[in-house]
Amino acid sequence: MSQSVKKIAVTGAAGQIAYSLLWRIANGDVYGKDTPIELQLLEIPDAISGAEGVAMELNDSAFPLLKNIVVTDKLEEAFDGTNAAFLVGAKPRGKGEERSDLLAANGKIFGPQGAAINDHAADDIRVLVVGNPANTNALIAMHAAKDVPNDRFNAMMRLDHNRALSQLSAKLGCDKNDINDLVVWGNHSATQFPDLTYTTVAGEKIFDSLDHSWYVDEFIPRVAKRGAEIIEVRGKSSAASAASSAIDHMHDWINGTERWATAAIPSDGSYGIPEGLIVGLPTVSRGGAWEIVSGLELSDFQKARIEANVTELEEERNAVSHLLG
Ligand code: NAD
Ligand code: LMR
């Protein structure tokens with residue numbers, strides 16, 4: 001039986017991530033193949049024509065599930081009745097920059113968007129912030145949406161998680177689908193901590209037999225700095241892989257997963273991480289909500305890595321305190 005129509009907002013609709021993301025959404029990869037969708041595309045006035053061109057191409061693709069497309073530069077139209085919002089629209093970094101260097105330019109985008117989501121979105125709204133620095137931008141949007149439960153605001157760290165899966169499977173020569181219990185703690189920044197302490201491959205723990213110098217000196221920095229490596233080699237920041245990971249995140253959030261995923265969600269104080277910070281955590285998704293995997297023992301090495309992320313996220317939060325109403 002056909003489901004009721006879902007409205008999905010995508011900001012930065014004329015940008016490079018949206019050019020991959022929108023085709024996956026229109027294909028039914030978020031809500032499923034029996035759920036019709038409407039797209040609400042937000043752009044800044046200077047890029048509206050680009051977004052209109054994207055909408056023309058989406059129409060030309062004749063997706064059976066895609067019932068309507070709105071292209072707008074008005075927040076209240078973009079988030080009107082929205083069930084799921086991908087907040088992508090923001091400046092990407094260039095070579096030699098850190099993502100936190102974008103905070104001054106991008107942070108101010110997310111307060112007004114959070115406020116418009118608060119006033120206009122559907123009750124079941126789920127928001128995934130992709131624009132960098134994603135964790136702190138999500139914090140800004142969450143603070144501006146006083147009537148929306150905090151846990152509806154996530155930042156994307158699924159790309160980091162997928163990068164970790166890929167690097168590990170290449171090292172061990174194993175199938176990515178056989179890897180479980182992997183997490184990337186912290187911030188979507190070079191400080192992030194891709195953690196293999198609990199990881200299993202085909203049900204077997206691997207940590208004790210792992211090459212620890214590879215883990216510490218190659219795996220962790222490779223995953224944490226992969227975004228910069230892509231910029232160096234490709235000349236532009238990641239786009240299709242970011243879009244694919246955004247689909248993975250929203251799909252699993254809505255439809256559930258018992259396999260661990262990394263989602264950056266508001267901390268509930270678990271693992272000594274201050275409540276409210278939006279932080280990458282080990283999660284599963286049940287009944288349409290992320291649940292933090294509980295009861296994990298942390299070594300001193302893990303605690304130090306997580307603490308470095310907390311310090312950085314607190315510094316970012318302090319830098320935008322004027323935007324946290
Ligand atoms: P892009 O420059 O190709 O596109 C960004 C688009 O956003 C542009 O079309 C721009 O006009 C639009 N935009 C700017 N301000 C806006 C606003 N206030 N409202 C609506 N639209 C607005 O950039 P991109 O490559 O698509 O990347 C977008 C963001 O995603 C960047 O900040 C990038 O760093 C980030 N990113 C995050 C991850 C992650 O894992 N979290 C991965 C890749 C990229
Ligand atoms: C990524 O991880 O690829 C994105 O956050 C883009 C970037 O600036 O690294």
Minimum side-chain heavy-atom gap [X]-[Y] below 4.5 Å:
X	Y	answer
Asn154	Val129	no
Val310	Pro274	yes
Asn132	Arg93	no
Ser299	Thr197	no
Ile125	Asn83	no
Leu21	Val10	yes
Leu168	Thr199	yes

Looking at [X] and [Y], would you say the former's side chain and the latter's main chain have a donor-acceptor pair under 3.5 Å?
X	Y	value
Ser241	Ser238	no
Arg126	Gly288	yes
Glu38	Lys7	no
Asn162	Ser245	no
Glu97	Gly94	yes
Thr200	Lys205	no
His161	Thr262	yes
Asn118	Asp147	yes
Asn137	Gly131	yes
Asn180	Arg259	no

According to a 4.5 Å side-chain heavy-atom criterion applied to Ile, Leu, Val, Met, Phe, Trp and Tyr, with indirect links allowed, do [X] and [Y] form part of one hydrophobic cluster?
X	Y	value
Phe86	Leu66	yes
Leu324	Val148	yes
Leu87	Ile140	yes

Partner residues of Glu291 under the salt bridge (Lys or Arg N to Asp or Glu O under 4.0 Å) criterion, sequence neighbours left out: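 Testing Glu291 for salt bridge (Lys or Arg N to Asp or Glu O under 4.0 Å), a comparison that skips the adjacent residues, returns Arg286.
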[X] and [Y]: side-chain donor and acceptor closer than 3.5 Å?
X	Y	value
Trp290	Asp252	no
Thr191	Glu312	yes
Asp80	Thr82	no
Trp23	Ser61	yes
Glu57	Tyr19	yes

Trace of the ring pair (Phe, Tyr, Trp, His ring centres under 6.0 Å) decision for His251 with Tyr31: CA-CA 7 Å; His251 173 275; Tyr31 281 99; 9.7 Å; no
Using the six-membered ring wherever Trp is involved, compare the ring planes of Tyr215 and Phe207 and label them parallel, tilted or perpendicular (cut-offs 30° and 60°).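 It falls in the perpendicular class, over 60°.
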Go through Gln113 and Leu42 one step at a time and tell me if the side chain to side chain contact (heavy atoms under 4.5 Å, CB included) criterion holds. CA-CA 10 Å; Gln113 291 184 359; Leu42 182 72; 3.7 Å; yes
Which atom pair, heavy atoms only, marks the closest approach of Glu258 to Val284?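 That closest heavy-atom pairing would be O-CG1, 3.4 Å.
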Over all heavy atoms of both residues, which pair between Leu139 and Ile278 is shortest? Give the atoms and the distance, please.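 Minimum heavy-atom separation between Leu139 and Ile278: N-CD1, 3.7 Å.
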Under-4.0 Å salt bridge between Glu218 and Lys171: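 Between Lys171 and Glu218 there is no salt bridge, as every charged N stays at least 4.0 Å from the carboxylate O atoms.
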Could you note down all residue pairs passing ring-ring contact (aromatic ring centres under 6.0 Å, His included) where residues 93-134 supplies at least one of them, sequence neighbours left out?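 Of all non-adjacent pairs touching residues 93-134, none passes ring-ring contact (aromatic ring centres under 6.0 Å, His included).
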Between Asn187 and Glu316, does the side-chain hydrogen bond (donor to acceptor under 3.5 Å, both in side chains) criterion hold? Intermediate values first, please. CA-CA 10 Å; Asn187 195 5; Glu316 288 184 21; 3.0 Å; yes
Which residues share a ring-ring contact (aromatic ring centres under 6.0 Å, His included) with His188, sequence neighbours left out: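 So His188 forms no ring-ring contact (aromatic ring centres under 6.0 Å, His included) with any residue.
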Distance, nearest 0.5 Å, that separates CG of Asn27 from CZ of Arg24: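 So the CG of Asn27 and the CZ of Arg24 are separated by 7.5 Å.
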